[in-house]
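Position 1 is the first residue of the sequence, and the numbers go up from there.
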Amino acid sequence: MSGRTQQPGFWTLDDALADTVRRTGASAGGIYLLDETEAILSLVVICGIPADVAWPWRRVPLNAPVPVGDAIREDRLVWVGSQDHMARAYPRAAASLPYRFALAATPLRDSGRCRGALMLLWPASHPPGATARERGNIASAGRRIARLLDEAPVPTAVPEHPRIVPVGAVVRPQGSQSPQAAADYIERLPETALGLDLQGRITFLAAATESLLGVDAGRLLGTRPWQSLPWLDKTHIEDHYRTAVISRDPVTFTALRPPDTWLRFQLYPDASGISVRITPATAPEQDQIPTPAPSRSVGAATPSPPQVGRLYQLVHLAAALTETVAVRDVVELIADQVLPAFGADGLVLSANDAGRLKITGHHGYDRHTIEGLDGLPLDTDLTPAGQVLADGIPSFFASPPEMARRYPRAPRISGKQAWAFLPLVVSGQPVGCCILSYDSPHDFGADERAVLTSLAGLIAQALDRARLYDATRDLAGTLQQALLPRSLPSLPGLESAARYLPASRGMDIGGDFYDVIRIDATTAAAVIGDVQGHNVSAAALMGQVRTAIHAAAGAPPDQVLARTNRVLADLETELLVSCLYVHIDLARQEAVLASAGHPPPLLHHPATSPCVMELDPGPLLGIDPDLAYPLTSQPLPPGTTLALYTDGLIEVPGIDADQTAQGLARHLGRHSGHSLDRLIDMLLHHARPHAHYTDDIAMLLLRTGQPPVL
């Protein structure tokens, strides 16, 4: 095998996977390698799985909601014991793999960094749960494969298509009959039989099979039945084969051999392939209704998955598109999953913007090319994009000469060799054009054109929704920034820095706020708060609370909160507000604090240990207009750092908020020598290293210097 000679790392990886499948009793498996730069998992080797089943899963974004992604992100073994379990935990994967099986995924990590993930499948007969011993064996296999990768003399390369390795020959007891004796036995039987490998190819035919199927054995060996026998070219028939090979369940169905002969096919799968028994039938099974299948033509440039694979691939991509939020998400999903699925190399998404083609996203093109294409008029004769957008009819060009016959200048723009121009239409209105391009000539078969056209409709819906989201988010962000201070005032002897981070999902708007108010030459007030909610109402109330605090600034902190509380009562709002107000006297080197149900600040001075301040908190603003707010005094010698924050920083599901705050205080102490801007970034990264925020976060850092000389 030339691939193994050129890439010796794959030889050990292949053997390791096949050995793991045998040792664990699994029916199939695969190994994914992690590209940390692109956050992509690539399937490099598979065992016991038909190639077309793996087609939609060759490249998986690390953040995708699939078992191998969770195994790496959460650094644990993921077990999916049944089809129902898969539907609940991973609905997207269940939609594109509607078969009965059990699955495990475990990270490839020995002692260092994670290298990828191991995936294993078991037949439907496996119990829903995994024993402790099974889990231990699976985890041990993951560590063993990780060591192979770590010790490889050269990094293991990622192939264009995953390698397929056999599980291994079935072990026969010594003294068993020869294969020829078994073949002679079958030939003497009046029944007909076929042998299929795990990829669906015919490996054996009994003599009687030729007459029953009406085709010479030489035309069938090495082919797939649904490809070489037109009357078996039905979507549901190929799906029966996939059910047998993945679930390892026996499957029975009937099919009509023209003009009027019904045949019953019984499929018996195991680890080496499928034995098919074929007998005459008097009538079709009640649940088998032959359905017409669309015609298909396989392109010559890039291998295409069979028909059923395309259908499930479309379901898989449709489910993924429903999870996109912003235009950037749509572009990334197409680049990560659609382009590899169809063998494409480049992407351009453009929209009609005041009579011009405005590019909203791209992949696989240099900046100079995109600048030349951006903003072209709709009636341009440079590319077909404008015409496709105008008439809503997709255009396919298999080579530069074919493109040049209609658009002479187009092939010279980017050097691409084939193109698919897909109109994006929503409710009869064109919203844009999706261009898939290829670095080599590519023949678009009828099946591929049909799937791409269907996919364009799904992309159009996702893109239209994403553009609306982006517009709403931009509006919300503008409102949010208008309500937060543009800059913090400069005060001798006091440094300050602040950040506001919106939640990772939603409108990017909320009620978190912060401010520093200069009162006179030696005193200032710092305030941070959180209005309940993540919507325009919360942001509007936040603006009113800030105005009330500004009006009361200079009074003692307890009075500032009490007056603001009465303002909220007059507004008759149902929203509650947490707030921390700090009066800073630089001349006296002292701070006086009052809290309305807000998390206490972090405190550090180089001469002392960092800590979370102990405060006597009062009630939230908006509960009762007549409540009081206790005061707390705190010395502020030069070099003291005070960190104010909202609860989004420390409230992480499954982790105690007090422990998170204590950990942040220690981190503050270790890195307090940095500038405040650098320090605030380090604290935010320490608390949320994956930049995923379920709540808004506001943070304000203050550091005292030498008191001003009056």
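Within 6.0 Å of atom CZ in Arg518, more than 12 heavy atoms from other residues, nucleotides or ligands are found, so the atom counts as buried in its surroundings. A 6.0 Å sphere centred on CD of Glu572 holds no more than 12 heavy atoms belonging to other residues, nucleotides or ligands. Arg328 CZ: 12 or fewer foreign heavy atoms inside a 6.0 Å radius.
In this structure, the separation between CD1 on Ile697 and CZ on Arg499 is 12.5 Å, given to the nearest 0.5 Å. How far CD1 of Ile435 is from CG of Leu357: 8.0 Å, rounded to the nearest 0.5 Å. Taken from NE2 in His604 to CG in Leu642, the straight-line distance is 12.5 Å, to the nearest 0.5 Å. Put simply, OH on Tyr514 and CG on Leu700 are 8.0 Å apart, with the number rounded to the nearest 0.5 Å. Leu541 contributes atom CG, which lies 9.5 Å from atom CG of Leu621 (distance to the nearest 0.5 angstrom). One finds the NE2 atom of His671 at 8.5 Å from the CG atom of Leu683 (value rounded to the nearest 0.5 Å).
For the pair Val612/Asp658, no side-chain contact is recorded, criterion being any heavy-atom separation below 4.5 Å from C-beta on. Between Pro67 and Met119, the closest side-chain pair of non-hydrogen atoms is not below 4.5 Å. Here the side chains of His583 and Pro556 are not in contact, with every heavy-atom distance at 4.5 Å or above. At a threshold of 4.5 Å between non-hydrogen side-chain atoms, the residues Ile650 and Gln659 do not count as touching. Here the side chains of Leu593 and Pro557 are not in contact, with every heavy-atom distance at 4.5 Å or above. Contact of the Leu561 side chain with the Cys579 side chain is registered, since non-hydrogen atoms from C-beta on lie closer than 4.5 Å. Considering only heavy atoms from C-beta on, Thr564 stays 4.5 Å or farther from Val577 through its side chain. Cys434 is not listed as a side-chain neighbour of Leu463, based on a closest heavy-atom distance of 4.5 Å or more.
Between the side chain of Asn565 and the backbone N or O of Asp624 there is at least one donor-acceptor pair closer than 3.5 Å. For the pair Tyr645 (side chain) and Pro600 (backbone), a donor-acceptor distance under 3.5 Å is present. Between the side chain of His362 and the backbone N or O of Gly346 there is no donor-acceptor pair closer than 3.5 Å. Using a distance-only test at 3.5 Å, with no hydrogens or angles considered, no donor-acceptor pair links the side chain of Arg678 to the main chain of Gly673. Thr641 contributes no side-chain N or O that, together with a main-chain N or O of Arg703, makes up a donor-acceptor pair within less than 3.5 Å. A side-chain donor-acceptor contact under 3.5 Å links Asp329 to the backbone of Ala326. For the pair Arg467 (side chain) and Val431 (backbone), a donor-acceptor distance under 3.5 Å is present. Remark: the backbone N or O of Ala569 is not paired with any side-chain donor or acceptor of Thr573 at under 3.5 angstrom. Distance alone, capped at 3.5 Å, is enough to place a donor-acceptor pair between the Thr704 side chain and the Thr640 backbone.
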- Task: Evaluate side-chain contact (heavy atoms from CB on, under 4.5 Å) for Asp374 paired with Lys358, printing each intermediate quantity in order.
- Result: CA-CA 6 Å; Asp374 194 19; Lys358 179 66 176 177; 3.5 Å; yes
- Task: Any chance you could lay out the side-chain contact (heavy atoms from CB on, under 4.5 Å) test for His550 and Ile517, step after step, and finish with the verdict?
- Result: CA-CA 7 Å; His550 269 263; Ile517 306 168; 3.7 Å; yes
- Message: Quick one, Asp530 with Thr646, criterion side chain to side chain donor-acceptor pair (under 3.5 Å). Give me CA distance, side-chain angles, the key distance, then yes/no.
- Response: CA-CA 7 Å; Asp530 184 359; Thr646 54; 5.3 Å; no
- Message: Asp515 vs Ile549, test: side-chain contact (heavy atoms from CB on, under 4.5 Å). Steps then yes/no.
- Response: CA-CA 10 Å; Asp515 211 344; Ile549 290 175; over 6 Å; no
- Message: Is there a side-chain contact (heavy atoms from CB on, under 4.5 Å) between Tyr90 and Leu103? Walk through the geometry before answering.
- Response: CA-CA 12 Å; Tyr90 303 99; Leu103 178 147; over 6 Å; no
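Across all their heavy atoms, Leu34 and Cys114 have their closest contact at CD2-O, 4.0 Å. The shortest heavy-atom contact between Leu615 and Ser595 is CD1-CB, 4.2 Å. Shortest non-hydrogen contact noted between Leu701 and Ala643 is CD2-CB, 3.3 Å. Across Ala139 and Leu77, no two heavy atoms sit closer than the pair N-CD1, 4.1 Å. Nearest approach of Ala466 to Val330, heavy atoms of both residues: CB-CG2, 3.9 Å. Pro606 and Gly639 get closest at one heavy-atom pair: CD-O, 3.5 Å.
Electrostatic pairing of Asp110 and Arg115 does not count as a salt bridge here, judged by no charged N lying under 4.0 Å from a carboxylate O.
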